Amino acid sequence: MPISDYTRAAGDAFYSVGDFAAGLVAPTVRLGVTGLARSGKTVFLTALVHNLMAEARLPFFDAAAQGRLLRAYLEPQPNAMVARFAFEKHLADLTGRPPHWPDSTSRISQLRLTIEYASNSFWKRKLGRETLHVDIVDYPGEWLLDLPLLGQDYREWSQTALEQSEAPARKQAAKHFHASLGLVDPSDPADEAVVERLSDLFKDYLRDCRADPHTLSTLPPGRFLMPGDLAGSPALTFAPLDAKGTSQFPRGSLWAMMEQRYEAYKSYVIRPFFHNHFARLDRQIVLIDVLAALNGGQAAIADLERAMTEILACFRTGSNSLWSSLFGPRIDRVVLAATKADHLHHKSHDRLEAILAKLAGRAMARAEYAGAEVKVLALAAIRATKEGEALRNGERLPCIVGYPLPGETIGRRRFDGNEEVAIFPGDLPADPEAALKGWQGEMRFVRFRPPNPTPLPSGGFAAFPNIRLDRAIEALIGDRLA
Ligand code: GDP
């Protein structure tokens, strides 16, 4: 067995040979849930687990539709070194009075869901019920953007990062960072306070790009905005410098200190994440807020496409891939999902899927993608809106109806969270190419609060309504329950 396989096994609980022989160890599928900040990971994972545990109607998830899903329940996770996904707390938020959205993902966490099912195959079914452990790992998609850094030294990364900060869509946000950068000379003696100031300003710039109205996707280092438990550590305190043509900097210089921290980030942050977590996943769903990018306009769309290219490069296999040469990938299926489809009338759901497919196709071509099978869909893990019709100038318009979150506005109207309103969100264009060319239609997005929960007579709450969540579950684990 190669050394790397021993290291992989070390993260899990140890099972004895006797356990395997007695059939006590059920097969396990390790499912990664990722996406950039606010893409909907926490909501998706909470809804997925709740739907399976509450035995919801899931017509496109074969095992459930065929009545073969017998029981789903949570069990202690095998990896004692990773935080547990706070499922119960998130569900309590969603079923509170009034219901509210849970806190978003900010670090890696894990949950083990065990599914008992009857197999489809006659021979297997005769053996009774089968068990599958689904070990779900939720982590920030920003961390995947770090993979290319493993192939770049500090000088190359600095050059790329500074070029990106000069791009028209980003230049304004980088104003303060550029001003401070202009005051330092990389050959000056290293000074902790200067390093910290530049690093803080660089992080402010990344944060500003991410915020409305720019909605640009994050640039690496991924932990700068999603530090997890490493906030404030030296490995996360550096910034790019302008070498201005100098090829060598002395020891003890500002440049040398930044370079050392950058290398520490690669060794102690990037490599362990890919090795200990990412390399062990079997299936992956990447959640993408396509509607936010469409709302953000041409620059936001181009930026999302760049982020998708980098994320897809992580799933690429083959000798030309940095990733496969370093870690040896295992993921055999990737699902790309456009989230929050409940912001659209159902007539536009297929169009949203087509836009994501187009984006994915372009990103895959750019990443020279080959490897795990990729499926694309549009979903709403929790449907916060209903559908209706409204009359405007004698014309019937398809609407969505929901409670806008407190503080949301349409025109001059400001909502307090207690008012149900019908909104005409507009249709997405039939031609995905037109949407990606920076189309600014009549679309209007308002954030809604979660729907009211439905208590069950037996205790607990019914699963929330959703859009195409069952298709996502089928695409991710359906074949493992056949
Ligand atoms: P994360 O950062 O990827 O974990 O994102 P979250 O799961 O916390 O989602 C961020 C926000 O997006 C939530 O607070 C909701 O406002 C919104 N959201 C996520 N999923 C849905 C959905 O299915 N429908 C609607 N209407 N909003 C959603």
Side-chain angles (χ1 to χ4, degrees), residues 32-51 83 85-87 89-91 93-94 96 98-109 111 136-144 207 210-212 215 217-218 222 225-228 284-293 295 304 307 311 336-346 348-349 352 377-387 400-408 415 417 420-421 423 425 443-453 463-473:
V33 177
T34 198
L36 299 176
R38 317 283 302 158
S39 56
K41 298 179 287 295
T42 310
V43 173
F44 171 82
L45 179 42
T46 308
L48 176 141
V49 171
H50 191 210
N51 269 267
F85 179 80
F87 170 73
K89 182 180 177 305
H90 297 325
L91 191 61
D93 288 339
L94 286 162
H100 56 274
W101 297 108
D103 289 343
S104 298
T105 299
S106 63
R107 58 177 184 172
I108 189 165
S109 66
L111 196 66
I136 311 171
V137 184
D138 172 39
Y139 64 93
E142 282 76 2
W143 297 3
L144 293 179
R207 203 171 291 120
R210 181 88 196 110
D212 289 342
T215 335
S217 299
T218 305
L225 296 192
M226 280 288 163
Q284 176 71 59
I285 183 161
V286 183
L287 302 174
I288 303 166
D289 195 343
V290 176
L291 292 176
N295 246 4
L304 175 63
I311 288 176
L336 303 178
T339 50
K340 310 179 195 178
D342 57 329
H343 286 89
L344 299 169
H345 195 265
H346 73 266
S348 284
H349 293 167
L352 180 60
L377 49 89
L379 60 79
I382 293 186
R383 184 175 197 154
T385 63
K386 295 177 285 192
E387 295 200 344
I400 53 169
V401 183
Y403 293 86
L405 284 173
E408 288 291 290
F415 298 96
E420 193 175 48
V421 291
I423 292 167
M443 308 242 8
R444 231 179 287 123
F445 296 111
V446 178
R447 290 180 312 135
F448 295 96
R449 76 155 162 78
N452 287 323
F464 288 103
N466 66 74
I467 296 168
R468 301 185 183 180
L469 181 63
D470 51 353
R471 296 185 207 212
I473 301 175

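When a ligand or atom number is given, it counts from 1 through the structure's own listing order. Quick caveat, the model's predicted, so the values are computed rather than measured.
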Under 3.5 Å between some N or O of ligand 1 and some N or O of K41?
yes
Is the backbone of S39 close enough, under 3.5 Å, to the side chain of T339 for a donor and an acceptor to pair up by distance?
yes
Under a 4.0 angstrom heavy-atom cut-off, which atoms of ligand 1 come close to A380?
23 (O)
Got an N/O contact under 3.5 Å between V43 and ligand 1?
yes
How close does the nearest protein non-hydrogen atom get to atom 4 (O) of ligand 1, and which residue and atom is it?
T42 OG1, 2.6 Å
Give a yes/no on ligand 1: does R383 have at least one heavy atom closer than 4.0 angstrom to it?
no
If the cut-off is 4.0 Å to any non-hydrogen atom of A384, which atoms of ligand 1 fall inside it?
26 (N)
For R449, is there an ion pair with E408 - N to carboxylate O distance below 4.0 angstrom?
no
For atom 21 (C) of ligand 1, the closest protein heavy atom turns out to be K340 CG, 3.8 Å
The protein heavy atom nearest to atom 8 (O) of ligand 1 is S104 OG, 2.7 Å
Indicate yes or no: does an N/O atom of A381 lie under 3.5 Å from an N/O atom of ligand 1?
yes
Any idea which part of D342 is under 4.0 Å from ligand 1, heavy-atom wise: side chain, backbone, both or neither?
side chain
Short side-chain to backbone donor-acceptor contact, R210 and A37, under 3.5 Å:
yes
May I ask you to check whether I382 has an N/O atom sitting below 3.5 Å from an N/O atom of ligand 1?
yes
Kindly say whether A378 contributes a backbone atom to a donor-acceptor pair with the side chain of H349 at under 3.5 angstrom?
no
Residue among T42, I382, T46 satisfying side chain to side chain contact (heavy atoms under 4.5 Å, CB included) with W101:
I382
Under a 4.0 angstrom heavy-atom cut-off, which atoms of ligand 1 come close to S39?
3 (O), 5 (O)
Whether N51 side chain and A463 backbone form a donor-acceptor pair below 3.5 Å
no
Please tell me if the side chains of Y139 and K41 come closer than 4.5 Å, counting only heavy atoms from C-beta onward.
no
In terms of heavy-atom contacts, G141 and L36 come closest through C-CD2, 4.0 Å
Among all protein non-hydrogen atoms, which one is nearest to atom 15 (C) of ligand 1, and what is the separation to 0.1 Å?
W101 CD2, 3.5 Å
Could you identify the single nearest non-hydrogen protein atom to atom 9 (O) of ligand 1 and state the distance to 0.1 Å?
G40 CA, 3.6 Å
Counting C-beta onward and ignoring hydrogens, is there a side-chain heavy-atom pair between V33 and F44 closer than 4.5 Å?
yes
I need the nearest protein heavy-atom contact for atom 2 (O) of ligand 1: residue, atom name and distance, please.
R38 N, 2.8 Å
Pair R38 + D289, salt bridge at N-O below 4.0 Å:
no
